[in-house]
Peer 1: 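After the structure tokens below, expect a handful of questions from me.
Chain letters run A, B, ... following the sequence lines, proteins first and then strands; every chain starts at 1.
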Number of protein chains: 2
Amino acid sequence: MREVAALAGVSLKTVSRVINAEPAVSSELASRVHAAIERLDYRHNRAASSLRRSDGRSAAIGVLLEDVANPFSSTLHREIENVALQRGVLVFAGSSDEDAERERSLIAEFTSRRVDGLIIVPASHDHSYLLSERRAGTAMVFVDRPAAYLDADTVLTDNQGGTRAGIAHLLDRGHRRIGYLGDLETIATAAWRFQGYSSELAAQGIELDPGLVRLDLRGIESAATAAAELLSVAAPPTAIFAGQNLLTIGAYRALRKLDLHHRVALVGFDDFLLADLLEPGITVVAQDPAALGRTAVELLFRRLDGDRSPSIHAVIPTRLIPRGSGEIQP
Amino acid sequence: MREVAALAGVSLKTVSRVINAEPAVSSELASRVHAAIERLDYRHNRAASSLRRSDGRSAAIGVLLEDVANPFSSTLHREIENVALQRGVLVFAGSSDEDAERERSLIAEFTSRRVDGLIIVPASHDHSYLLSERRAGTAMVFVDRPAAYLDADTVLTDNQGGTRAGIAHLLDRGHRRIGYLGDLETIATAAWRFQGYSSELAAQGIELDPGLVRLDLRGIESAATAAAELLSVAAPPTAIFAGQNLLTIGAYRALRKLDLHHRVALVGFDDFLLADLLEPGITVVAQDPAALGRTAVELLFRRLDGDRSPSIHAVIPTRLIPRGSGEIQP
DNA sequence: CACGATTAAGACAACGTTGTCATTCTTATA
DNA sequence: TATAAGAATGACAACGTTGTCTTAATCGTG
């Protein structure tokens, strides 16, 4: 910048003014400065800039996802990027892998780089460590799961309502023995979904049979094994509800292997690519990760723009998409 | 930091030394400093640190992908994150959407934040604008597609070889009329794949019928339409090779709709989730995005560690995975 | 016991910017 | 024509760190 100023024959401050498009610069000097910038191919140093600036903004936000490579997370990520980029804000992304320790260390890395805001899909169950960060002015929004021991903006899927709708869909078609495959119980969304299952059964006066429930499953393989077990008992379920993406795929694999995919109904929570091309198409309770991301990032920027109102808790509805597998009769 | 120094009763510099774990600090002072850091919950400001540091490292890299939400990109992204995080390096991610303008502006944002390195899946066809950046010491690696007008490290998939293997697989099974669906010709990988198709046909003495080729397709819908057209002519192909993920899915949709999915063979370039669960399973020439990402990030860090050897051009092999659709006989 | 070598700590400037305030030059008005 | 008001520019300090150099304290050796 010093060199630019020298070449243009102006002061440092004038160059700064030109770069930040401040009004009080004559057009003649401005063009001379621009020419010098061109000539020297000078690049503005935002780190130094935000260090000196009064608001201290870095024009970067941190996004903590479960895993940047999974479709749910990456859809969220993309929506966030879209809005952020429009405002010239860059996005740091990181994967927690459902590990509380990793969550903390990644967020520490984000904050040590002075991100303006954080969008967090939490893996830990205590976010009080973020209190001081919030006090320091960092905006933060929690997505998909609630913040614990911290009052903050949240954007959640209607997990319980969605699951109830899915279970009701099966009950309407006459199923009375509905198996349930659930993710790690420590994950809040998994717990809520299971609550949806329990409460919808209760609401319709059906007793929950613990023998039809398998929880704490992770990934396709364990779900396939669990589903196969459920189906091999004396009084097997006539329908299965899978509480997550990969569990649905695992259940479908098991059904195919046992050649039951046209006999036993299957409804999954969370849509996935190609669910419509399987045989039969898989009925799902679809989340809307794009809407989650959009809502979260808009909330974040509203805070960054100065909104100081009490915490907002947004809930994004689900949508049941019948494709065949959920319409099989008992 | 000033407050920490005051509370611990030491100088600024000593705090700095403790934070950077420099050796020449007595353990007593160090623990006093640590206590003060705890008490004030002080956060180190890396922006200021890297501003002052002689190497000027920001411990952040920029990753430019086609779209953070697509599986190929996000797998790459994840591999990069894994290696980077181990070294305390954070990752900025951005999506070019195949738009050269967007590529440039994202990279400008990255560099204005003084990233130490760039991993780029290029969308533009002239990277000479990066020359000055490279001269300034930013490491860079190009992935999946070559750099243009710039001599730089590159990691590519063996597009032509992979396609030739896929075509040979079909020819071996007796197909002589093989349709081809290709992505935008401006994308280098798409061009190489089409070359693979042409050259393998030529090598086996089969004349290329332009009526069996549809290029410049984008996305599932246009591929489905193109495939349906190919199949509706007087002498339709007995097999289809789809030069990309979504084109394969589009082709499969079309085959299903015409109830030809057990009659016409299909081989796709690039694997996708659930390809094995479709009916029939889809035979693919699988890329290895994880290996691409790993190789790229390792190359990048080698450069950051000071390797000044000439540019390296790595090629990652493909693997043909037979699942049924590619083994249908004419 | 004196001396040089080693170790631990601090003072100060500098990294590349921008906020604040002072200065100069115009322009409009009485 | 004198003067106030406003516009354009610059000088300088400061943002939160770390590199360099200096000083003070400790140690081992002949």
Side-chain angles (χ1 to χ4, degrees), chain A residues 1-34 36-37 40-60 88 108-109 111-116 133 136-138, chain B residues 1-34 36-37 40-60 88 108-109 111-116 133 136-138:
Chain A
M1 185 154 146
R2 225 194 313 270
E3 292 175 37
V4 171
L7 181 60
V10 298
S11 75
L12 262 183
K13 181 65 215 194
T14 300
V15 177
S16 168
R17 277 196 257 264
V18 170
I19 287 164
N20 293 294
E22 287 175 35
V25 179
S26 72
S27 56
E28 192 229 326
L29 278 200
S31 60
R32 239 158 68 201
V33 169
H34 276 126
I37 288 176
L40 299 171
D41 60 42
Y42 158 85
R43 299 280 154 86
H44 190 58
N45 186 332
R46 271 186 127 98
S49 164
S50 81
L51 180 61
R52 186 58 179 89
R53 281 199 130 82
S54 48
D55 59 7
R57 290 281 171 84
S58 60
E109 294 284 349
T111 56
S112 86
R113 281 165 183 85
R114 295 296 186 271
V115 292
D116 301 331
E133 202 52 43
T138 309
Chain B
M1 185 155 144
R2 225 194 311 270
E3 293 175 36
V4 171
L7 180 61
V10 298
S11 75
L12 262 182
K13 180 66 216 194
T14 300
V15 178
S16 168
R17 277 196 259 262
V18 171
I19 287 165
N20 293 295
E22 288 174 33
V25 179
S26 72
S27 57
E28 191 229 326
L29 278 199
S31 60
R32 239 161 66 203
V33 169
H34 276 125
I37 287 176
L40 299 171
D41 62 42
Y42 159 85
R43 301 279 156 84
H44 190 59
N45 186 333
R46 272 186 126 99
S49 165
S50 81
L51 181 61
R52 185 59 179 88
R53 280 198 130 84
S54 49
D55 60 6
R57 289 280 171 87
S58 60
E109 293 285 348
T111 56
S112 85
R113 280 160 184 89
R114 295 297 186 269
V115 292
D116 301 332
E133 203 52 43
T138 309

Peer 1: May I ask you to say what Ser16(B) touches in the nucleic acid, namely base, sugar-phosphate or nothing, with a heavy-atom cut-off under 4.0 Å?
Peer 2: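 Base contact.
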Peer 1: Can you work out whether Arg2(B) or Ser26(A) has the more 5'-proximal nearest nucleotide on DNA chain D?
Peer 2: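 The answer here is Ser26(A).
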Peer 1: Got a donor-acceptor contact below 3.5 angstrom from the Arg32(A) side chain to the Ala8(A) backbone?
Peer 2: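 The answer is yes, because a donor-acceptor pair under 3.5 Å joins these two groups.
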Peer 1: Are more than 12 heavy atoms from other residues, nucleotides or ligands located less than 6.0 Å from atom CD of Glu22(A)?
Peer 2: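 Counting neighbours around CD of Glu22(A), more than 12 heavy atoms of other residues, nucleotides or ligands fall under 6.0 Å, so yes.
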Peer 1: Take atom CZ of Arg57(B) and atom C1' of dT18(D), then tell me their distance rounded to the nearest Å.
Peer 2: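 So the CZ-C1' distance, Arg57(B) to dT18(D), works out to 16 Å.
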Peer 1: Please pick, from dT17(D), dG16(C), dT9(D), the nucleotide with the shortest atom-to-atom distance to any side-chain atom of Ala24(A).
Peer 2: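 So the nucleotide nearest the side chain must be dT9(D).
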Peer 1: Roughly what angle, to 10°, lies between the helix axis at the start of the helix from dC1(C)-dG30(D) to dA30(C)-dT1(D) and the one at its end, five pairs per end?
Peer 2: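 End axes: 50° apart.
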Peer 1: Would you indicate whether the side-chain heavy atoms of Leu51(B) and Asn45(A) approach each other to under 4.5 Å?
Peer 2: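 With C-beta onward as the side chain, the pair touches.
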Peer 1: dA14(C) P sits how many Å from Leu12(A) CG, rounded?
Peer 2: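 Value for this atom pair: 14 Å.
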Peer 1: How long is the straight-line distance from CZ of Arg57(B) back to CZ of Arg46(B), given to the nearest 0.5 Å?
Peer 2: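 That separation rounds to 12.5 Å.
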Peer 1: If I take atom CD in residue Glu22(B) and atom P in nucleotide dT18(D), what distance separates them, rounded to the nearest angstrom?
Peer 2: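 Glu22(B) atom CD is separated from dT18(D) atom P by 8 Å.
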Peer 1: If each of Pro23(B) and Ala48(B) is mapped to the nucleotide of DNA chain C with the nearest heavy atom, which maps nearer the 5' terminus, i.e. the 5' end?
Peer 2: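 Result: Pro23(B).
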Peer 1: Once you round it to whole Å, what is the distance between C1' of dC12(D) and NZ of Lys13(A)?
Peer 2: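 Rounding to the nearest Å, NZ of Lys13(A) and C1' of dC12(D) are 11 Å apart.
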Peer 1: Base, sugar-phosphate, or nothing: which does Arg17(B) touch, judged by heavy atoms less than 4.0 Å apart?
Peer 2: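 Here Arg17(B) touches the bases of the nucleic acid.
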Peer 1: Are any of Ser11(A)'s side-chain N or O atoms less than 4.0 Å away from OP1 or OP2 of dA11(D)?
Peer 2: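 No, no such contact exists.
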Peer 1: Do Ser16(B) and Met1(B) have side chains that get closer than 4.5 Å, going by heavy atoms?
Peer 2: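 Heavy-atom side-chain distance check passes, below 4.5 Å.
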Peer 1: Rounded at 0.5 Å granularity, tell me how far OG in Ser49(B) sits from CD1 in Ile19(B).
Peer 2: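 CD1 of Ile19(B) is found 9.0 Å from OG of Ser49(B).
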Peer 1: Let me know the distance between CZ of Arg52(A) and C1' of dT17(C), rounded to the nearest Å.
Peer 2: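 From Arg52(A) CZ to dT17(C) C1': 8 Å.
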Peer 1: For the side chain of Arg114(B), counting heavy atoms from C-beta on, which of dT17(C), dC15(C), dT17(D) is nearest?
Peer 2: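 Minimum distance to the Arg114(B) side chain belongs to dT17(C).
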Peer 1: How long is the line joining CG of Leu29(A) and C1' of dT26(C), in whole Å?
Peer 2: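 One finds 15 Å between C1' of dT26(C) and CG of Leu29(A), rounded.
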Peer 1: To the closest 0.5 Å, what do you measure between OG (Ser26(A)) and CD (Glu28(A))?
Peer 2: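 One gets 5.5 Å once the value is rounded to the nearest 0.5 Å.
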Peer 1: For Arg53(B) and dA14(C), what is the distance between atoms CZ and C1' respectively, to the nearest whole Å?
Peer 2: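 In whole Å, dA14(C) C1' lies 15 Å from Arg53(B) CZ.
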Peer 1: Indicate whether OP1 or OP2 belonging to dC15(C) is found under 4.0 Å from a side-chain N or O atom of Asn45(A).
Peer 2: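 False: Asn45(A) side-chain N/O out of range (4.0 Å or more) of dC15(C) OP1/OP2.
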Peer 1: Ile19(B) has an atom CD1; how far is it from atom C1' of dT18(D), in whole Å?
Peer 2: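 Computing the Ile19(B):CD1 to dT18(D):C1' distance gives 11 Å.
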